[in-house]
Amino acid sequence: MERLPSQDDARPSRPMGRDELARDWAVRISRTAYVPLSAAKLTEELRELLNVVAEALVDEPDVASWVGTRLVEMHCVGAESLRESVEVLARFVVQEGADARQAALVIGAVSAAYTAAIQAFVLEQQESISHALLRANRAVQLDLQASEERFEDIFTHSSTGIAIVGLDGELRRANEALCTILRREDMDGMTLTDLIAPADLPLVNDALAGLRYGRMQRVEERPRLIDRDGEHFRVLLAATVQKDAEDNPRHYVVMIDDDSQLTLLGGRLQYQSLHDALTGLPNRQYLTTRLESLLHSDIEHGVTLYHLDLDAFAVITDGLGREIGDKVLKLVAERLSSVFSAEKAMVARLEGDEFAVLVENGIDTPDVDTTIRMIEHELAEPVYFGEHGVAVSASIGVLPRLHPGDHPAEVLRASDMTLRRAKRIGRRQWGLHDATQDKREQEDLALAAVMPGAWESGEIEVVFNPVMKLDGTARVCVEAELNWRHRDLGLIQHEKCVSMAEHTGLMLPLGEWMLRTAAETACRYDEMLAVCLTESMANSPDLVRDVRRVLADTGLQAGRLLLGFPAHVLASEDGEAADNLDLLADLGIHIGARDFKGSTAEIELVRSLGVRAVRVKGRCQKPDELVSHVLSDLVVFVHEAGGIVVVDAIEDAEQRDWWGELGADAGVGPVFCVEPTTEWPDAG
């Protein structure tokens with residue numbers, strides 16, 4: 001192999017490209033093993049292995065197994081080869097931006113495959129040696145001198161430790177490699193009993209007895225040997241028996257390879273696969289395993305699970321940088337560990353800025369309320385990074401009494417839902433698990449998950465609902481809505497349909513389909529079509545394009561379409577709703593504001609944006625004199641701003657009458673239409 005140029009041990013801090021990293025890898029490998037490839041060819045091979053690792057980071061981690069196997073095939077099998085390769089690959093996966101879990105799985109796959117391949121390589125060597133010894137034994141009758149010379153050459157130059165062991169266990173000969181493995185200069189007069197750990201000696205003796213009495217032709221074991229200093233270390237031991245001309249056992253040929261470094265590496269990789277690389281805490285996999293163990297045990301005072309999510313953590317990472325964010329995560333890990341130091345508890349980092357604490361309750365374990373206050377107090381104490389004092393808060397979901405026999409995945413799902421409910425309340429909130437609410441939310445999420453299939457199969461349909469003047473003299477417009485005729489649950493109405501679709505991201509394609517389907521029907525009539533937009537639809541950068549296409553494809557005139565924007569979205573400075581509204585108004589489309597609350601800002605928007613109609617929530621009970629006065633003033637303000645007031649929903653005639661007295665213009669609801677239909681409502 002060509003001699004590779006040496007490199008300074010100090011590595012540049014800048015990220016290396018794949019070509020540069022492959023050259024660095026080649027230099028490192030060449031220092032640890034003889035590789036029968038040119039420098040250029042080795043670099044090319046290693047660059048291809050980096051490409052395989054990159055593919056594994058975005059696909060299946062097991063793809064990286066080929067890298068470990070290929071390294072052994074190229075004879076990168078020196079004592080330090082694997083360690084150097086792991087260091088290079090660790091730097092590479094960090095540069096590629098892999099998360100800690102995916103990186104650990106990929107490097108673990110490489111190391112596991114390398115371990116398996118090198119063991120196969122060792123066993124192949126041992127098999128080759130064994131076959132050579134057997135052939136030498138058979139050939140002794142023809143050419144004893146040549147056979148002995150061949151055996152001596154293998155015995156002397158093999159990197160595998162070889163010993164000729166008498167049937168009584170005494171070492172008759174040992175090669176230099178075995179002395180090196182055992183760190184002994186002389187092994188004369190020693191026996192297997194002197195070399196093998198007492199606990200493993202019966203296992204080896206039984207295996208050798210199987211050889212002696214013909215029950216086995218070859219044995220392989222992994223006992224612990226004792227070195228010169230009395231230290232125990234594990235090896236791979238293979239043995240065969242040699243027989244004399246009368247086929248009687250003469251002695252054993254024992255071959256030994258030290259795989260303690262591979263064992264230690266395997267242990268380190270196992271630790272890394274169960275712990276978070278940044279904080280050193282147990283990860284989700286380790287927590288799940290521990291949770292499963294506890295759920296199958298009998299703990300007198302039960303188990304409590306705290307699920308934490310740091311509030312607005314992106315403020316720290318985006319404002320002060322990822323490095324400060326990582327330091328804060330380490331600090332949170334330390335402080336949580338401190339809070340639970342007196343308890344039998346496991347603090348784990350699940351992912352990102354999420355943590356969990358699994359507590360085995362004892363007689364003196366603080367109650368949940370006390371524990372929450374302790375957590376909040378610890379996290380609220382600022383820590384200074386230079387001139388910056390940083391503190392965090394957390395939202396927490398609590399499962400206070402886990403039941404034996406529960407499935408870990410179900411427990412973690414329940415804790416996640418409990419945490420989300422706490423976060424909906426606001427920052428620095430906590431909540432207890434509510435099984436009833438949990439079940440209801442799970443059912444809603446299950447419905448939302450299967451909604452795309454229901455749409456494709458035709459269960460979701462567009463229906464039409466008349467918007468009537470309160471005096472019943474005429475229709476203002478006809479509103480398009482969604483209905484889901486579920487095969488088991490029956491009719492799921494518009495509000496729940498759009499809520500679920502908005503939650504999953506389905507609302508954009510579903511909303512465009514609703515608009516198109518409604519426009520195809522409306523173009524056959526002379527009345528105005530109204531469509532209420534959700535928040536995501538109102539802010540969609542494709543809204544104007546989609547509306548233009550629908551109008552062009554269906555022939556519906558722009559002046560016969562009214563689009564209702566959520567009032568709070570129009571008032572927001574973020575998003576594209578206001579720009580969309582201006583462009584749509586320029587097309588001649590009428591604009592409405594739904595979920596109107598009547599604030600000064602919203603009334604100003606009605607006037608400045610040219611909103612034609614505002615939609616307010618109906619009231620089930622007639623308001624008192626003071627509230628009636630406020631509502632009446634609101635209606636007057638909207639009228640003066642150039643809009644009309646539509647009430648949603650009006651349940652009965654009495655409610656219709658007193659809204660009419662307040663000055664409202666129109667309404668929608670059961671008093672006008674009991675159930676929307678897929679056909680355009682009859683004008684009569």
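Note that the coordinates shown come from a computational prediction; the quantities given were computed from them, not determined experimentally.
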Colleague: Let me have the donor-acceptor pairs involving side chains of residues 328-342, under 3.5 Å, with sequence neighbours excluded, atom names and distances please.
Modeller:
residue	atom	partner	partner atom	Å
R335	NH1	E378	O	2.8
R335	NH1	E381	O	2.5
R335	NH2	E381	O	3.2
S337	OG	A333	O	2.9
S341	OG	S338	O	2.9

Colleague: Rounded to the nearest 0.5 Å, how far does CG of D311 lie from CZ of R428?
Modeller: 9.0 Å

Colleague: Between L379 and A391, which heavy-atom pair has the shortest distance, and what is it?
Modeller: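 The answer is O-CB, 3.8 Å.
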
Colleague: E351 vs R284, test: salt bridge (Lys or Arg N to Asp or Glu O under 4.0 Å). Steps then yes/no.
Modeller: CA-CA 8 Å; E351 55 197 2; R284 178 182 288 271; 3.7 Å; yes

Colleague: Ignoring hydrogens and geometry, is there a side-chain-to-backbone donor-acceptor pair from S457 to A454 under 3.5 Å?
Modeller: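 Pair found, side chain donor or acceptor close to backbone of A454.
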
Colleague: Mind checking whether Y114 and V67 have side chains closer than 4.5 Å, heavy atoms only?
Modeller: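 Y114 vs V67: side chains apart.
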
Colleague: Closer than 3.5 angstrom, by distance alone: can the side chain of D648 be matched with the main-chain N or O of K617 as a donor-acceptor pair?
Modeller: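 No, D648 side chain to K617 backbone: no donor-acceptor pair under 3.5 Å.
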
Colleague: Taking salt bridge (Lys or Arg N to Asp or Glu O under 4.0 Å) as the definition, give me every residue that meets it alongside D200, ordered by chain and number, with sequence neighbours left out.
Modeller: R224

Colleague: So which atom in V647 and which in A664 form the shortest heavy-atom distance, rounded to 0.1 Å?
Modeller: CG2-CB, 3.8 Å

Colleague: Does the side chain of M346 come within less than 4.5 Å of L287's, by heavy atoms?
Modeller: yes

Colleague: Would L447 and I492 count as a side chain to side chain contact (heavy atoms under 4.5 Å, CB included) here? Give the steps.
Modeller: CA-CA 10 Å; L447 272 178; I492 300 175; 4.0 Å; yes

Colleague: Looking at every non-hydrogen atom in both residues, tell me the closest pair between A90 and I107 and how far apart they are.
Modeller: CA-CD1, 3.6 Å

Colleague: Please list all pairs passing the salt bridge (charged side-chain N to carboxylate O under 4.0 Å, His left out) test where one or both residues lie in residues 500-509, with sequence neighbours left out.
Modeller: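 Passing the test, one end in residues 500-509: no pairs.
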
Colleague: Would you compute the distance between atom SG of C497 and atom CD of E481 and round it to the nearest 0.5 angstrom?
Modeller: 10.0 Å

Colleague: So, taking the atom named NE2 in H494 and the one named CG in N465, what distance separates them when rounded to the nearest 0.5 Å?
Modeller: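 One finds 10.0 Å between NE2 of H494 and CG of N465.
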
Colleague: Determine yes or no for a side-chain-to-main-chain donor-acceptor pair under 3.5 angstrom, with E576 supplying the side chain and A538 the backbone.
Modeller: no

Colleague: Side chains of V411 and L305: does their closest heavy-atom pair fall under 4.5 Å?
Modeller: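 Yes, side chains in contact.
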
Colleague: Show me, pair by pair, the donor-acceptor contacts under 3.5 angstrom made by side chains of residues 415-423, not counting sequence neighbours?
Modeller:
residue	atom	partner	partner atom	Å
S415	OG	H307	ND1	3.0
S415	OG	L412	O	2.8
D416	OD2	R420	NH1	2.6
T418	OG1	A414	O	2.8
R421	NH1	E441	OE1	3.2
K423	NZ	D309	OD2	2.5

Colleague: Measure across L508 and S540 and return the closest heavy-atom pair with its distance rounded to 0.1 Å.
Modeller: CD2-CB, 3.8 Å

Colleague: Do the side chains of D444 and R440 get close enough for a salt bridge, i.e. N-O under 4.0 angstrom?
Modeller: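 Here D444 does not pair with R440 in a salt bridge, since their nearest N and O are not under 4.0 Å apart.
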
Colleague: For residues V359 and V303, determine if any side-chain heavy atom of one lies less than 4.5 Å from a side-chain heavy atom of the other.
Modeller: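 The answer is no, as the side chains (C-beta and beyond) never meet within the 4.5 Å cut-off.
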
Colleague: With W484, which residues qualify under side chain to side chain donor-acceptor pair (under 3.5 Å), at least two apart?
Modeller: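 Result, side chain to side chain donor-acceptor pair (under 3.5 Å) vs W484: E459.
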
Colleague: I'd like to know if the side chain of N483 reaches the main chain of Q493, judged simply by a donor and an acceptor atom lying under 3.5 Å from each other, with no hydrogens or angles considered.
Modeller: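 No, N483 side chain to Q493 backbone: no donor-acceptor pair under 3.5 Å.
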
Colleague: Closer than 3.5 angstrom, by distance alone: can the side chain of T370 be matched with the main-chain N or O of P366 as a donor-acceptor pair?
Modeller: no

Colleague: If we only count heavy atoms from C-beta on, is the R349 to N283 side-chain gap below 4.5 Å?
Modeller: no

Colleague: Would a distance-only check, ignoring hydrogens and angles, find a side-chain to backbone donor-acceptor pair under 3.5 Å from Q102 to L57?
Modeller: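 Checked: pair present.
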
Colleague: Whether the side chain of S395 engages the backbone of R427 through a donor-acceptor N/O pair (distance < 3.5 Å, no angle test) should be reported.
Modeller: no

Colleague: Can you tell me how far the CD1 atom of I396 sits from the CG atom of L310, to the nearest 0.5 Å?
Modeller: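 So the CD1 of I396 and the CG of L310 are separated by 10.0 Å.
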
Colleague: List for me each residue that meets salt bridge (Lys or Arg N to Asp or Glu O under 4.0 Å) alongside R594, sequence neighbours excluded, and say none if there are none.
Modeller: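 Once residues adjacent in sequence are excluded, R594 has no partner under the salt bridge (Lys or Arg N to Asp or Glu O under 4.0 Å) criterion.
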
Colleague: Between D438 and H433, is any side-chain donor less than 3.5 angstrom from a side-chain acceptor?
Modeller: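 D438 vs H433: donor-acceptor pair found between side chains.
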
Colleague: Quick one: salt bridge (Lys or Arg N to Asp or Glu O under 4.0 Å) partners of E410, sequence neighbours excluded?
Modeller: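 Scan of E410 (salt bridge (Lys or Arg N to Asp or Glu O under 4.0 Å), adjacent residues dropped) gives R413.
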
Colleague: Tell me, with the steps shown, if F565 and L543 meet side chain to side chain contact (heavy atoms under 4.5 Å, CB included).
Modeller: CA-CA 12 Å; F565 283 72; L543 176 62; 4.2 Å; yes

Colleague: Does L308 form a side chain to side chain contact (heavy atoms under 4.5 Å, CB included) with W430? I'd like the steps, not just the answer.
Modeller: CA-CA 9 Å; L308 300 87; W430 67 277; over 6 Å; no

Colleague: Between N539 and A577, is there a donor-acceptor pair closer than 3.5 Å when you use the side chain of the first and the backbone of the second?
Modeller: yes

Colleague: Output yes when a side-chain donor or acceptor of S293 lies under 3.5 Å from a complementary backbone atom of T289, and no otherwise.
Modeller: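 No; zero donor-acceptor contacts below 3.5 Å.
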
Colleague: Does E654, at its CD atom, have more than 12 non-hydrogen atoms belonging to other residues, nucleotides or ligands within less than 6.0 Å?
Modeller: no

Colleague: Do you know which two heavy atoms are closest between A649 and Q655, and how far apart they sit?
Modeller: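 Residues A649 and Q655, closest heavy atoms: O-NE2, 3.3 Å.
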
Colleague: Mind checking the CD1-CZ spacing from I375 to F355? Nearest 0.5 Å is all I need.
Modeller: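 Reported to 0.5 Å precision, the distance equals 12.0 Å.
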
Colleague: Could you work out, with side chain to side chain donor-acceptor pair (under 3.5 Å) as the rule, every residue matching S65, not counting sequence neighbours?
Modeller: none

Colleague: Sorted by first residue and then second, give each salt bridge (charged side-chain N to carboxylate O under 4.0 Å, His left out) pair with at least one member in residues 94-108; sequence neighbours left out.
Modeller: R18-E96

Colleague: Residues in side chain to side chain donor-acceptor pair (under 3.5 Å) with R485, at least two apart?
Modeller: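 Listed in chain order: E461, E675.
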
Colleague: How many angstroms lie between CG in N361 and OG1 in T304, if you round to the nearest 0.5 Å?
Modeller: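 One gets 3.5 Å once the value is rounded to the nearest 0.5 Å.
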
Colleague: Mark yes when over 12 heavy atoms from residues, nucleotides or ligands other than R487 sit less than 6.0 Å from its CZ; otherwise mark no.
Modeller: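 Not more than 12 within 6.0 Å, no.
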
Colleague: Mind running salt bridge (Lys or Arg N to Asp or Glu O under 4.0 Å) on R91 and E87 for me, showing each step along the way?
Modeller: CA-CA 6 Å; R91 188 192 321 165; E87 286 184 5; over 6 Å; no

Colleague: Using salt bridge (Lys or Arg N to Asp or Glu O under 4.0 Å) as the criterion, list what pairs up with E535, not counting sequence neighbours.
Modeller: none

Colleague: I need the minimum non-hydrogen distance between P382 and G389, along with the two atoms involved.
Modeller: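 Reported closest heavy-atom pair: CB-C, 4.5 Å.
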
Colleague: Can you give the donor-acceptor pairs under 3.5 Å from side chains of residues 313-322 to other protein atoms, not counting sequence neighbours?
Modeller:
residue	atom	partner	partner atom	Å
T317	OG1	A314	O	3.2

Colleague: Can you find a pair of side-chain heavy atoms, one from L631 and one from W659, that are under 4.5 Å apart?
Modeller: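 Yes, at least one pair of side-chain atoms sits under 4.5 Å.
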
Colleague: Less than 4.5 Å apart, side chain to side chain, heavy atoms only: is that true for P623 and W658?
Modeller: yes

Colleague: I'd like to know if the side chain of T365 reaches the main chain of G362, judged simply by a donor and an acceptor atom lying under 3.5 Å from each other, with no hydrogens or angles considered.
Modeller: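 The answer is yes, because a donor-acceptor pair under 3.5 Å joins these two groups.
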
Colleague: Tell me, do L291 and L402 make a side-chain contact under 4.5 Å, heavy atoms counted?
Modeller: yes

